[in-house]
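Some notes on the structure that comes next.
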Amino acid sequence: MEVIITADPQSASRQAALYFKSLLRRKKNAILGLATGGTPVLLYQELIRLHRAGELDFSQSSTFNLDEYMGLGPEHPASYRRFMQDHFFASIQLPAANIHIPDGLAADVPAHAAAYEKAIVDAGGIDLQLLGVGSDGHIGFNEPSSSLASRTRIKTLSERTRSDNAHFFAAGEEVPYHVITMGIGTILDAREIVLLAFGDKKADAVAALVEGPVSAMVPASALQLHPSVRVIIDEAAAGKLQRTEYYRHVFDFKPAWQKQG
Ligand code: F6R
């Protein structure tokens with residue numbers, strides 16, 4: 001696990017964009033695993049900027065999103081499908097057929113989840129998975145106590161996550177209780193993972209995922225079992241880590257080629 005501590009969310013997002021750029025240079029038809037929420041917004045802005053500058057071409061890539069709220073259709077303002085359209089897809093000329101997001105209105109959820117898993121495998125597997133982390137240590141919507149081997153399925157959100165995400169919903173509107181999410185096992189199958197976390201609200205989760213024991217109580221700690229994870233955080237999110245000096249040292253003394261991913 002590589003921990004990269006940056007001055008602010010803007011620099012972290014620029015750093016993360018380098019890994020997307022490097023992948024898409026190597027593999028035009030890369031399979032990207034994408035996340036929603038507040039954390040990746042600046043990264044999407046940076047990727048759009050690079051696309052407009054002619055430095056990034058998404059036209060042959062495909063995407064698989066981590067999760068979706070159950071009961072929300074694509075036009076619902078808080079649905080993740082709508083989020084992705086507004087924050088990213090509308091600006092990057094990615095063919096609609098290449099976009100995959102779990103269907104919050106699926107009638108047969110287990111069948112839909114199995115088909116989602118199969119679609120990832122049929123596409124060749126995810127090359128680069130982007131993650132945020134919940135204040136309780138969730139990745140995707142795998143809440144504490146999720147199986148570390150879990151696959152795409154229905155999950156019930158914790159009250160903490162429902163309350164953390166309430167600001168994405170209109171005043172008085174209820175945050176759904178259920179979601180469809182890739183499992184932790186699904187996430188760990190990605191060839192490369194980049195996790196972003198910003199702000200002191202994420203400091204406990206970051207410390208637990210990087211330096212704590214691997215435990216289903218901190219789903220993100222399962223990333224310690226993956227051979228290629230970059231955790232890119234700002235100073236505030238790094239606030240509770242023990243070994244920040246070492247992480248900075250590792251980054252500063254990298255060969256230049258390695259910094260580019
Ligand atoms: C989103 C997702 C979640 C979020 C996490 C952090 O697709 O899977 O794990 O990454 O809840 O959310 P924000 O970024 O809003 O703090």
_If I compare all heavy atoms of Gln129 with all of Ile126, which pair ends up nearest, and what's the gap?_
OE1-CD1, 3.5 Å

*With a 3.5 Å cut-off and no angle check, do the side chains of Tyr116 and Asp103 form a donor-acceptor pair?*
no

*Is there a donor in the side chain of Ser146 and an acceptor in the side chain of Lys155, or the other way round, less than 3.5 Å apart?*
yes

_Hydrophobic cluster membership, with links at side-chain heavy-atom distances under 4.5 Å among I/L/V/M/F/W/Y: are Phe64 and Phe88 in one?_
no

*Is there a donor in the side chain of Ser59 and an acceptor in the side chain of Gln93, or the other way round, less than 3.5 Å apart?*
no

*Between Gln242 and Tyr246, does any side-chain donor sit less than 3.5 Å from a side-chain acceptor?*
no

*Donor-acceptor side-chain pairing of Gln45 and Ser13 below 3.5 angstrom*: no

*Does a donor on one side chain sit under 3.5 Å from an acceptor on the other, for Asn165 and Arg160?*
no

*Answer whether the closest heavy-atom distance between the side chains of Arg243 and Glu211 falls below 4.5 Å.*
yes

*Check Leu24 against Ser61 and note the closest heavy-atom contact, atom names and distance.*
CD2-CB, 4.0 Å

*asked:* Assess, by modelled atom type and distance only, whether the side chains of Asp164 and Ser135 contain a donor and an acceptor separated by less than 3.5 Å.
replied: yes

_Minimum-distance pair of heavy atoms, taken over all atoms of Ser158 and Asp136_ = OG-OD2, 3.5 Å

*Before giving the answer on ring pair (Phe, Tyr, Trp, His ring centres under 6.0 Å), spell out for Phe58 and Phe89 the whole-Å C-alpha distance, their side-chain angles and the decisive distance to 0.1 Å.*
CA-CA 10 Å; Phe58 292 96; Phe89 296 149; 9.2 Å; no

*Which pair of heavy atoms, one from Ala35 and one from Leu66, lies closest together, and at what distance?*
CB-CD1, 3.7 Å

_Whether the side chain of Thr244 engages the backbone of Leu241 through a donor-acceptor N/O pair (distance < 3.5 Å, no angle test) should be reported._
no

*Between Glu192 and Ser228, does any side-chain donor sit less than 3.5 Å from a side-chain acceptor?*
no

*Mutual orientation of the aromatic rings belonging to Tyr80 and Tyr69 [parallel < 30°, tilted 30-60°, perpendicular > 60°]*: tilted

*Nearest non-hydrogen partners of His138 and Glu143, listed with the distance*: ND1-OE1, 3.2 Å

*If we only count heavy atoms from C-beta on, is the Leu225 to Val214 side-chain gap below 4.5 Å?*
yes

*Is the closest side-chain donor-acceptor distance between Ser22 and Arg26 under 3.5 Å?*
yes

